[in-house]
Amino acid sequence: MDNEKIGNFLAEQREEVEDDLQHYFLTFEDYWERKLWHELTDTLLEFYAEGKSAEQQIPVYDNFVKAFADKINQLKLVRLGLSTAAQYEDDKRRLTFLETLAKRVDKPASQDAFVFALTSVAGVRLRIGDSAAARKDLDKCETVLDSFDTVEPSVHASFYRVSADYYQSQNNFASFYRTTLLYLACVDLDSVSSSDRHRIAYDLSLAALVSDTIYNFGELLLHPVLDSLANTEHKWLRDLLFAFNRGDLGAYNILQSHLQSNGLLKRHEQFLYQKISLSALTQLVFSRAPNDRSMTFATISEETKVQLDEIEHLIMKALSLGLLRGSIDQVAEVAKISWVQPKVLDKGGIEAMHARLREWDGGVEKLGMWIEGAGKDVWAA
């Protein structure tokens with residue numbers, strides 16, 4: 001497209017937009033004529049970020065951006081393309097557009113931009129139900145990302161976001177949980193809308209609860225995204241997570257009525273009881289000093305509120321999952337625990353650990369004073 005055609009196109013578009021957007025088109029034409037590609041790209045990104053520019057994004061991309069697409073930063077080109085793709089109402093047309101964009105930036109020097117575009121292709125495939133093709137795209141992206149030493153956080157964030165959507169569609173709760181936390185590590189939480197933060201916190205909470213491999217979700221409890229559930233109709237879910245972290249069966253029994261309103265939690269109700277019982281057991285062991293972890297079944301039952309006839313099976317389950325290490329004396333009904341899985345400590349846990357360290361320090365000091373007093377004759381000799 002020559003300069004005259006582009007000038008005419010920009011003039012036509014300038015007449016169609018609202019008054020407060022017209023200055024963009026004057027700037028576009030100026031930078032185009034002067035071949036200031038960097039400045040032109042950044043101004044286009046500003047224009048595309050304007051909510052009022054939605055109707056112009058597809059024609060501007062097709063009739064203007066494509067004319068110099070190979071001359072600008074390819075990662076920024078993909079950002080313009082992703083914003084343009086969002087304006088298509090039909091997923092099939094959006095998919096065709098994104099596939100073309102991904103092929104365009106699939107060059108040795110712009111593999112980060114290729115991954116950025118291809119993850120969006122995978123995202124659309126997921127929406128239209130083609131999960132197998134989406135998985136292939138994500139595997140290809142992962143291979144490319146593994147070859148990089150560094151990459152922009154936005155590229156990783158896009159990959160983790162779509163990967164999390166894939167795992168959620170497959171009911172792979174553990175992978176969804178871990179991948180979503182990786183996504184959150186790549187984004188500024190303030191840049192995520194409040195509705196998206198609430199949705200992420202809700203989905204993460206459910207995944208943490210029903211996963212049969214996640215028994216320590218302190219990382220989620222300390223993440224600010226969980227605060228988005230506070231003062232909402234799903235506040236009980238946040239409270240339930242903290243009850244699980246404490247192994248608080250009393251609080252669980254109070255909150256249990258909410259499980260009936262959620263189909264996923266209702267289907268896993270029996271598993272959830274076993275999971276919080278295991279949490280109560282590990283919390284009890286964790287709270288005790290290493291030299292005080294030999295306990296009778298009766299003591300465990302009294303302190304965890306788990307029925308006495310369930311204790312032996314509970315300990316065996318904890319040992320098989322690697323939550324505890326130790327042995328069971330079935331005849332004497334005594335559990336001898338040598339190790340417990342580390343926990344992410346909240347403020348209360350840190351205070352308890354501080355008190356334990358002070359107690360240990362005091363014991364060491366007393367032992368030192370005793371040795372000094374009892375060994376005076378030896379020191380004198």
Side-chain angles (χ1 to χ4, degrees), residues 174 208-222 239-257 259 265 268-368 370-371:
L209 289 169
V210 303
S211 170
D212 58 1
T213 61
I214 300 173
Y215 288 86
N216 184 353
F217 33 80
E219 187 177 358
L220 172 58
L221 298 180
L222 297 176
D239 295 338
L240 188 62
L241 283 173
F242 279 97
F244 266 78
N245 190 57
R246 298 190 307 270
D248 191 341
L249 275 166
Y252 173 77
N253 290 332
I254 294 172
L255 294 166
Q256 194 174 13
S257 60
L259 304 185
L265 295 181
H268 290 79
E269 192 168 358
Q270 185 175 356
F271 169 75
L272 290 173
Y273 174 76
Q274 182 187 74
K275 191 168 185 175
I276 196 170
S277 298
L278 286 166
S279 181
L281 174 61
T282 56
Q283 181 62 33
L284 169 62
V285 176
F286 187 80
S287 65
R288 286 176 169 247
N291 60 351
D292 187 28
R293 290 177 176 173
S294 181
M295 298 168 284
T296 65
F297 290 4
T299 299
I300 295 173
S301 175
E302 180 181 353
E303 297 199 28
T304 62
K305 310 305 179 187
V306 177
Q307 295 297 316
L308 182 60
D309 59 356
E310 299 176 3
I311 296 299
E312 182 178 352
H313 179 267
L314 188 67
I315 298 171
M316 292 175 65
K317 183 70 175 178
L319 292 171
S320 68
L321 289 169
L323 304 177
L324 300 175
R325 293 176 193 162
S327 60
I328 302 175
D329 186 334
Q330 293 176 310
V331 177
E333 294 190 336
V334 173
K336 300 176 182 178
I337 308 302
S338 59
W339 179 88
V340 60
Q341 184 187 67
K343 287 180 175 286
V344 176
L345 299 178
D346 57 13
K347 186 176 180 181
I350 293 172
E351 290 174 351
M353 186 64 72
H354 178 256
R356 191 185 301 174
L357 288 171
R358 292 192 63 175
E359 182 182 344
W360 174 82
D361 182 60
V364 171
E365 186 177 359
K366 289 179 181 179
L367 178 62
W370 178 83
I371 292 174

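What's counted below: heavy atoms across the whole structure, side chains too, no hydrogens, waters or symmetry copies. The residues of the chain are indexed from 1 along the displayed sequence.
At a threshold of 4.5 Å between non-hydrogen side-chain atoms, the residues I300 and I315 count as touching. No side-chain heavy atom of E333 sits under 4.5 Å from any side-chain heavy atom of E312. Considering only heavy atoms from C-beta on, S277 stays 4.5 Å or farther from T304 through its side chain. In this structure, the side chains of Q256 and E269 come closer than 4.5 Å at one or more pairs of heavy atoms.
Side-chain contact, E310 with Q274: no donor N or O sits under 3.5 Å from an acceptor N or O. In summary, the side chains of S279 and T282 do not present any donor paired with an acceptor at a separation below 3.5 Å, with no hydrogens or angles considered.
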Take R288 and E303, measure what salt bridge (charged side-chain N to carboxylate O under 4.0 Å, His left out) needs, and give me the verdict at the end. CA-CA 12 Å; R288 286 176 169 247; E303 297 199 28; 3.1 Å; yes
Criterion side-chain contact (heavy atoms from CB on, under 4.5 Å) on I337 and S294, from CA distance to verdict: CA-CA 6 Å; I337 308 302; S294 181; over 6 Å; no
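V210 and F271 get closest at one heavy-atom pair: O-CE2, 3.5 Å. Scanning both residues, A280 and G247, for their nearest heavy atoms gives CB-O, 3.3 Å. Minimum heavy-atom separation, L319 to G326: CD2-N, 3.6 Å. Here the closest non-hydrogen pair linking S301 and L308 is OG-N, 3.4 Å. The minimum heavy-atom distance linking L323 with W339 is given by the pair O-CZ3, 3.9 Å.
Interatomic distance, CD1 of I276 versus CD of Q283, reported as 11.0 Å (0.5 Å rounding). A distance of 6.5 Å separates CG in L259 from CG in L240, rounded to the nearest 0.5 Å. To the nearest 0.5 Å, atoms NZ (K336) and CD1 (I328) are separated by 11.5 Å. Atom CG in L220 sits 8.5 Å away from atom CZ in F242 (nearest 0.5 Å). Here the straight-line distance linking atom CZ of R246 with atom CG of L241 works out to 11.0 Å at 0.5 Å rounding. Distance check: K317 NZ to L281 CG gives 13.0 Å after rounding to the nearest 0.5 Å.
Classification of the Y252-F244 ring pair by plane angle, with boundaries at 30° and 60°, yields perpendicular.
Checking side-chain atoms of N216 against main-chain N and O of Q341 turns up no donor-acceptor pair under 3.5 Å. A donor-acceptor pair under 3.5 Å is formed between the side chain of S287 and the backbone N or O of L284. A donor-acceptor distance shorter than 3.5 angstrom exists from the side chain of R293 to the backbone of V285, with no hydrogens or angles considered.
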